[in-house]
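Numbering of ligands and ligand atoms starts at 1, following listing order.
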Amino acid sequence: MAAGLLAAAIVIKAGAGGPYLVLAMLTLIAGTLGGTAPDWMEVAWWRSKKKRRGTHRLWITHRTITHWGLGWVALLYYSHANLGAVWWAPLAFGFACGGLMHLLTDWPNPLGVPWIFRRHSLGLWRSGRLESMVIVLTWGLCAVLGDALVFDSVGAVTFIKFVPAFVASEHRALKL
Ligand SMILES: [Zn+2]
């Protein structure tokens, strides 16, 4: 969703938000779908039988082609280049932003992500660990990027100015 919001901001900035910003809103939805796409695209949903409770049959090996970095980057590039040219470009762009965000958040855990050819892992933590930190970092990254793109970093500058002022006031409060 964070990636979708960032994508929507980029689409609006590019003047491709469409009437009443409908395309920008669809970009947000596409980004949200794209954020889980690398995992649901590998599920064989047409085969209802489950191997075990809670596990779906896969038709594509986990974290292979659906997690291919170059493919997602190509979609991102192609859809961005076509913003304003074809109506569905914002949707494809949002979807690609979501997909890439998914790869970024899969990257630190041991299985890693096949960015170009072989899977590469940052080897930082196990799957499912530190989820709240991942979510905070993801929203933070998208907020900073969106702020820079749409508002020329007004938000970030205000925040950076606010932190020392806040620390100083807390310091004063503690002394009293
Ligand atoms: Zn994944």
Show the nearest heavy-atom pair for residues [X] and [Y], with the distance to one decimal.
X    : Y    : result
T32  : L28  : OG1-O, 2.8 Å
H67  : P114 : O-CD, 3.3 Å
S121 : P110 : CB-O, 3.3 Å

| field | Under-2.8 Å neighbours of the Zn ion (ligand 1), protein N/O/S atoms only | value |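 Under the 2.8 Å cut-off, the count stands at 4.
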
| query | Are any non-hydrogen side-chain atoms of I60 and M41 less than 4.5 angstrom apart? | reply |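 The answer is no; the side chains never approach within 4.5 Å.
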
Please tabulate, one pair per line, all N/O donor-acceptor pairs under 3.5 Å involving side-chain atoms of residues 160-168, not counting sequence neighbours.
none

| Taking the six-membered ring where the residue is Trp, are the ring centres of W72 and F95 under 6.0 Å apart? |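 Yes, the ring of W72 comes within the 6.0 Å limit of the ring of F95, centre to centre.
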
